[in-house]
Amino acid sequence: MYHALIKCSHAKCFWRKASKWIHIKLLELHVITWASDILCDAMFDASDRAKKFLVMWAIWTSRNNITHDKANMNPTQLLKMIKDALAVLELPTKHASILPGYGWRPP
């Protein structure tokens, strides 16, 4: 999994584009503990973790599409989708608040 998401040429293409589009860089990670390092290590904040895992999702999705003969989205298209998703996740709470009189009410 480490190779497929981080080291192979397909993944490296995504990481190069991600460094330009969403301003992240993947540090050298240990082959065995890479996932827990990203999840638990204090050197990554919550925003950085989300960005890294979204890029990994894009790499995995692209690889699956290639493997299963589906339409392949190029890294730029997938990174545009990631950038849009991150923009929604980073909405200030005042813009994401529920209007008075709307929202879920228990039955």
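Position 1 is the first residue of the sequence, and the numbers go up from there.
Annotation for M43: atom CE counts as buried by contact number, over 12 foreign heavy atoms lying within 6.0 Å.
To the nearest 0.5 Å, atoms OG1 (T33) and OH (Y2) are separated by 9.0 Å. Of the inter-residue distances, the one linking R63 atom CZ with F14 atom CZ reads 10.0 Å to the nearest 0.5 angstrom. Here CG of N65 is found 12.5 Å from CH2 of W60. Values are rounded to the nearest 0.5 Å. In this structure, I6 CD1 and I59 CD1 are separated by 8.0 Å, a value rounded to the nearest 0.5 Å.
Closest approach of L39 and R49 over heavy atoms only: O-NE, 2.9 Å. Of all non-hydrogen atoms in A11 and A4, the two that sit nearest each other are CB-O, 3.5 Å.
Under the 4.5 Å side-chain heavy-atom criterion for grouping Ile, Leu, Val, Met, Phe, Trp and Tyr, I32 is not connected to I38 through any hydrophobic cluster.
No donor-acceptor pair closer than 3.5 Å links the side chain of S62 to the backbone N or O of A58.
Between the side chains of W15 and S19, no donor-acceptor pair is found at a separation under 3.5 Å.
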